[in-house]
2 protein chains.
Amino acid sequence: MQVSVSQSERDRRAAAAEPVRRATMRDVAALAGVSIKTVSRVINGVSTVSDDLRDRVTRAIAQLDFQPNLAASSLRRTDGATRQIALLLEDVANPFSATLSRAVENVAREHGTLVFTGSLDEEPQRELELVRAATLHRVDGIIIAPAAQDHGYLHREIRTGTPVVFVDRPPRGLVADSVLATNAEGAREAVLHLADHGHTEIAFLGDETSIATAGERLAGYRRALAERGLPERPGRVAMDLPDPETAARALAAMLDSDHPPQALFTAQNLVTIGAIQTLQERGLHQDVAVVGFDDFPMADLLVPRVSVVAQDVMRIGTLAVQRLFKRIAGDDGPCREERVPTTLIPRGSGEIPPPGR
Amino acid sequence: MQVSVSQSERDRRAAAAEPVRRATMRDVAALAGVSIKTVSRVINGVSTVSDDLRDRVTRAIAQLDFQPNLAASSLRRTDGATRQIALLLEDVANPFSATLSRAVENVAREHGTLVFTGSLDEEPQRELELVRAATLHRVDGIIIAPAAQDHGYLHREIRTGTPVVFVDRPPRGLVADSVLATNAEGAREAVLHLADHGHTEIAFLGDETSIATAGERLAGYRRALAERGLPERPGRVAMDLPDPETAARALAAMLDSDHPPQALFTAQNLVTIGAIQTLQERGLHQDVAVVGFDDFPMADLLVPRVSVVAQDVMRIGTLAVQRLFKRIAGDDGPCREERVPTTLIPRGSGEIPPPGR
DNA sequence: CTGTTAGCGCATTCAC
DNA sequence: GTGAATGCGCTAACAG
């Protein structure tokens with residue numbers, strides 16, 4: 001008790017004490033008895049400094065605990081690099097975004113660069129705000145999984161020297177680098193997989209129509225049906241399911257219809273989860289086949305284990321940052337769209353046969 | 001094809017074009033025919049500007065698409081605020097960290113502040129590097145879920161005006177604000193819950209001993225055993241399980257021992273998952289009771305549904321940022337440790353009775 | 001090899 | 001109300 005109080009008291013005083021002024025290059029120069037420019041040389045690792053001076057400067061830096069002000073440095077520097085990039089995602093809390101974030105951080109770290117992350121929540125307005133905030137901070141580049149429908153406004157940022165790379169979703173109204181999953185191919189593979197297990201009544205459950213990836217996955221679904229000569233029945237496609245609850249209800253409605261599906265392709269993570277909820281509630285989880293797009297933790301602990309078309313999220317993120325850093329380094333080659341292939345992972349739910357087989 | 005090529009070509013030229021110089025206040029002042037200071041006043045919303053001049057400046061800003069350089073601004077500004085904070089977490093890709101990140105972002109947004117995120121991976125060295133990077137960028141404050149054992153080195157940062165708030169784990173060798181879960185109480189409640197369902201053979205599976213939260217949870221486990229007059233049998237406590245695989249193996253070893261446990265308290269997310277894997281593999285998931293610390297997505301889709309002691313992660317994050325912004329605003333009151341209560345969520349796995357009841 | 005001068009983009013005195 | 005001069009912390013271009 002005594003100890004605790006005294007610690008608090010000590011701390012209060014420490015906090016109350018006027019913040020100690022940070023040492024500047026001038027302070028270091030004065031202490032080392034050299035010019036400020038020599039300090040700058042030592043810090044930036046310029047070799048043309050005598051061992052003696054370098055030594056004095058190094059000691060002064062240590063003694064004053066001098067930490068160069070990066071913002072001031074980049075203000076003066078010719079390239080103007082701030083060593084910070086922005087990463088704008090759907091929602092940093094969802095696993096897909098969080099994994100992308102980690103991939104970007106890993107590469108940024110090698111470049112001595114910090115990463116700003118921000119969530120767009122599918123709100124175009126939020127995208128504009130965050131891009132603006134990023135440019136006010138003069139980030140060296142932006143990676144974005146966009147929410148907006150038109151990205152023409154980014155042309156200006158790119159022209160003023162802030163490269164932009166798109167992840168997960170392609171740019172619209174703008175030519176820019178992008179790294180995307182093979183959405184149509186992955187969806188096609190999933191649906192063919194279900195068809196090859198004998199299913200003819202395969203439903204599609206997907207998220208917001210406005211999202212480009214959702215459209216690509218729907219196209220893949222349709223192509224697979226066509227390839228197998230299966231008709232697309234009315235009411236078999238449910239779109240605009242933003243969360244598990246909506247998805248669960250949409251599936252419930254389908255199951256209550258005259259021709260309930262025997263198999264599901266769920267085109268997005270949360271949709272998959274919602275669908276599984278409904279199947280479990282109705283005791284149908286061993287009867288209705290499911291393949292989901294995008295893997296998720298726990299998928300192989302559920303009963304049945306959930307078959308998915310997995311995206312290589314780390315690879316998508318890594319390719320995107322690498323591309324961004326190439327642009328930052330001055331690469332002005334033509335813009336590229338890179339596609340990262342998906343992988344079908346059969347675990348059980350996708351291999352459930354149709355009734356009567 | 002033709003179109004695609006021509007688009008690429010157009011873009012290549014756009015990118016190759018020398019980056020357009022960004023407009024500065026001087027440009028705006030010249031175009032508006034006022035002094036640079038008047039522009040500054042308009043931008044900072046100082047009221048003592050005539051309507052006429054304000055109008056001319058506003059138009060010039062729009063015409064030139066002027067975006068003030070925040071870094072330059074904060075360099076000169078008295079308070080030196082950069083409107084960026086750092087958030088250092090265990091791993092931005094794990095759900096706990098990702099949720100914290102989102103909570104911090106939400107509040108930071110209200111303060112017009114951007115958030116740097118970084119992953120420490122339980123490496124003290126990485127913590128030092130990231131804190132240093134943050135101070136080089138002169139962030140306004142730091143929120144940290146620390147990996148290091150001693151945080152005395154942060155005293156210097158705090159004294160030079162960079163407030164630090166700890167989340168999830170308390171500071172050591174330093175007095176600082178912190179926001180933590182009620183780890184011991186939560187663990188105690190979980191173990192009492194198992195005991196009250198008739199269990200006497202309750203095992204503890206936890207992560208790295210070096211992590212303070214792990215110790216608190218172990219203490220809660222022991223207190224609960226003591227309260228119910230249950231002995232702590234040797235071999236019933238497994239610590240230092242950093243990932244699901246290690247946890248799975250540790251549980252397997254316990255189950256193979258002479259006196260296998262009837263119930264498990266798994267003190268961390270990944271440990272819970274590993275334990276469930278082993279139980280499923282052995283077909284024991286309906287026989288061995290499990291309560292996990294920290295909720296996870298899918299917990300209520302597993303069979304049996306997983307009972308947990310849930311942390312209010314959003315609340316922990318929100319309290320931490322709010323505290324940080326108070327410090328940034330100049331609050332120099334004594335440091336506080338806030339504890340956020342946990343909630344026991346019975347879902348099934350924790351209510352499995354012991355054999356023979 | 002080293003130091004001096006200038007100025008990045010902006011906010012702060014303090015005049016007018 | 002408005003503007004001129006000064007400098008935040010640092011690097012660039014020169015000179016020596």
Side-chain angles (χ1 to χ4, degrees), chain A residues 19-58 60-61 64-83 135-140 160-161, chain B residues 19-58 60-61 64-83 135-140 160-161:
Chain A
V20 173
R21 193 178 65 81
R22 246 185 259 268
T24 71
M25 274 198 180
R26 203 193 336 243
D27 301 325
V28 175
L31 181 60
V34 299
S35 83
I36 189 175
K37 178 64 201 173
T38 301
V39 178
S40 171
R41 288 198 177 95
V42 171
I43 286 174
N44 291 293
V46 176
S47 56
T48 63
V49 178
S50 71
D51 288 350
D52 171 43
L53 288 194
R54 175 183 312 280
D55 221 58
R56 274 154 57 193
V57 170
T58 308
I61 288 175
L64 295 173
D65 184 44
F66 168 70
Q67 300 187 303
N69 184 329
L70 227 70
S73 153
S74 63
L75 187 60
R76 195 63 185 85
R77 222 175 257 285
T78 313
D79 64 2
T82 57
R83 305 203 150 257
T135 58
L136 291 182
H137 283 269
R138 299 292 190 270
V139 297
D140 296 336
T160 52
Chain B
V20 173
R21 192 179 65 82
R22 248 184 260 264
T24 72
M25 273 199 181
R26 204 194 333 245
D27 302 324
V28 175
L31 181 59
V34 299
S35 83
I36 190 173
K37 178 61 203 172
T38 300
V39 178
S40 173
R41 287 200 179 95
V42 171
I43 285 174
N44 291 293
V46 176
S47 56
T48 63
V49 179
S50 71
D51 288 351
D52 171 42
L53 288 194
R54 176 183 312 280
D55 220 60
R56 274 153 59 191
V57 169
T58 308
I61 287 176
L64 296 173
D65 185 44
F66 168 70
Q67 300 187 304
N69 184 329
L70 229 69
S73 153
S74 63
L75 187 59
R76 193 65 185 81
R77 215 175 265 284
T78 312
D79 64 2
T82 58
R83 308 208 146 251
T135 58
L136 291 182
H137 283 269
R138 297 293 189 271
V139 296
D140 295 336
T160 51

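Letters A, B, ... are given to chains in the order of the sequence lines, protein chains preceding strands, and every chain is numbered from 1. Below, all heavy atoms of this structure are taken into account, side chains as well, without hydrogens, waters or symmetry copies.
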Which value, rounded to the nearest 0.5 Å, describes the distance between B:Asn69 atom CG and A:Ser74 atom OG? 8.0 Å

Can you tell me how far P of C:dG3 sits from NZ of A:Lys37, to the nearest Å? 12 Å

For a quick test of reading the model: is some side-chain N or O of A:Thr48 closer than 4.0 Å to OP1 or OP2 of C:dT2? no

Do A:Val49 and A:Val57 make a side-chain contact, defined as non-hydrogen atoms from C-beta onward lying under 4.5 Å apart? no

Between protein and nucleic acid, restricted to nucleotides 14-16 of chain C and to nitrogen or oxygen atoms under 3.5 Å apart, what atom pairs and distances do you find?
none

Side-chain (B:Thr160) to main-chain (A:Arg22) donor-acceptor, under 3.5 angstrom: no

Any side-chain N or O of B:Thr38 less than 4.0 Å from the OP1 or OP2 oxygen of D:dG1? no

Over 12 non-hydrogen atoms of neighbours within 6.0 angstrom of CZ in A:Arg83: no

Table of protein N/O atoms under 3.5 Å from nucleotides 7-10 of chain C N/O atoms:
from: C:dG7; atom 1: N2; to: A:Arg76; atom 2: NE; distance (Å): 2.2
from: C:dG7; atom 1: N3; to: A:Arg76; atom 2: NE; distance (Å): 2.7
from: C:dC8; atom 1: OP2; to: B:Arg26; atom 2: NH2; distance (Å): 3.2
from: C:dC10; atom 1: OP1; to: B:Asn69; atom 2: N; distance (Å): 2.8
from: C:dC10; atom 1: OP2; to: B:Met25; atom 2: N; distance (Å): 2.7

Per atom distances to the B:Ser50 side chain, the nearest of C:dC1, C:dG3, D:dT2 is D:dT2

Side-chain heavy-atom pair B:Arg41, B:Leu53 within 4.5 angstrom cut-off: no

Closer than 3.5 angstrom, by distance alone: can the side chain of A:Thr58 be matched with the main-chain N or O of A:Arg54 as a donor-acceptor pair? yes

Quick check: does any side chain N or O of A:Arg76 sit under 3.5 Å from a backbone N or O of A:Ser73, one acting as donor and the other as acceptor? no

Can you list the residues that meet the salt bridge (Lys or Arg N to Asp or Glu O under 4.0 Å) rule with A:Asp79, with sequence neighbours excluded? none

Of all pairs that satisfy salt bridge (Lys or Arg N to Asp or Glu O under 4.0 Å), the ones with a partner from residues 25-34 of chain A, not counting sequence neighbours: A:Arg21-A:Asp27

At 4.0 Å (heavy atoms only), tell me whether B:Leu53 reaches a base, stays on the sugar-phosphate, or touches nothing. sugar-phosphate

To the nearest Å, how far apart are A:Asp51 CG and C:dT2 P? 9 Å

Under 4.0 Å between a side-chain N or O of B:Ser74 and OP1 or OP2 of D:dC8? no

Could you pull out all residues at least two apart from A:Asp51 that satisfy salt bridge (Lys or Arg N to Asp or Glu O under 4.0 Å)? none

Quickly work out the A:Asp27 CG to D:dC10 C1' distance and round it to whole Å. 13 Å

Five-pair end axes of the helix from C:dC1-D:dG16 to C:dC16-D:dG1, angle between them (10°): 30°

For the pair made of CZ in A:Arg54 and C1' in C:dC1, what is the distance, rounded to whole Å? 11 Å

Quick one: are A:Ile61 and A:Ile43 in side-chain contact, heavy atoms under 4.5 Å? yes

